[in-house]
Amino acid sequence: LSSGLITHLPAGGAAALLGFSGTLQGYIIQSGSGMLNPPGAIVKVALKVGGLDLNRNFTLLQENGKWVIDTIQNGSR
């Protein structure tokens with residue numbers, strides 16, 4: 001996680017960032033796209049939770065030479 005995201009963690013910790021309750025049963029990386037300047041990427045992931053299909057978009061950036069998650073947003077189908 002990015003340093004900015006760590007400073008704003010919700011009470012439930014990193015798992016609460018995903019925005020669901022229940023057990024993660026699986027996931028599929030649907031797509032990814034990258035940016036050169038500044039270095040970053042968006043990864044779209046389909047999650048299976050309690051029989052429901054949920055979509056999340058993970059925004060990644062480079063921080064101190066490492067790829068970190070900067071945001072997690074609800075995604076559309």
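Counting from 1, the numbers follow the sequence of the chain as shown.
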Inset, instruction - In sequence, state the C-alpha distance, the side-chain angles, and the governing distance for Phe58 and Ile42, and then conclude on side chain to side chain contact (heavy atoms under 4.5 Å, CB included). - result: CA-CA 6 Å; Phe58 294 80; Ile42 297 174; over 6 Å; no
Which pairs would a plain distance check flag for residues 18-26, meaning a side-chain donor or acceptor within less than 3.5 Å of a matching protein atom at least two apart in sequence or in another chain?
{"unit_1": "Gln25", "atom_1": "OE1", "unit_2": "Gly50", "atom_2": "N", "d": "3.1"}
{"unit_1": "Gln25", "atom_1": "OE1", "unit_2": "Gly51", "atom_2": "N", "d": "3.0"}

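- Scored by the salt bridge (Lys or Arg N to Asp or Glu O under 4.0 Å) test, Lys44 finds no partners at all (sequence neighbours excluded).
- With hydrophobic clusters built from ILVMFWY side chains whose heavy atoms lie under 4.5 angstrom apart, Trp67 shares a cluster with Val45.
- Interatomic distance, Ile72 CD1 to Asn57 CG, rounded to the nearest 0.5 Å: 10.5 Å.
- Taken to the nearest 0.5 Å, the CG atom of Leu17 stands 5.5 Å off from the CG atom of Leu9.
- Each of Ile28 and Val43 belongs to its own hydrophobic cluster when Ile, Leu, Val, Met, Phe, Trp and Tyr are linked at side-chain heavy-atom distances under 4.5 angstrom.
- In this structure, Leu5 and Ile69 approach most closely via the heavy-atom pair CD2-O, 3.6 Å.
- Closest heavy-atom contact between Leu1 and Ala14: CD1-CB, 4.0 Å.
- Within the structure, salt bridge (Lys or Arg N to Asp or Glu O under 4.0 Å) pairs that include any residue of residues 58-68 do not occur (at least two apart or interchain).
- How far CD of Gln62 is from OG of Ser2: 13.0 Å, rounded to the nearest 0.5 Å.
- Residues meeting the side chain to side chain donor-acceptor pair (under 3.5 Å) test with Asn74, sequence neighbours left out: Arg56.
- The two residues Gln30 and Ala46 have their closest heavy-atom pair at NE2-CB, 3.4 Å.
- The hydrophobic cluster around Val68 extends to Leu61, counting ILVMFWY residues whose side-chain heavy atoms fall within less than 4.5 Å of a member.
- With sequence neighbours excluded, no residue satisfies side-chain contact (heavy atoms from CB on, under 4.5 Å) with Pro38.
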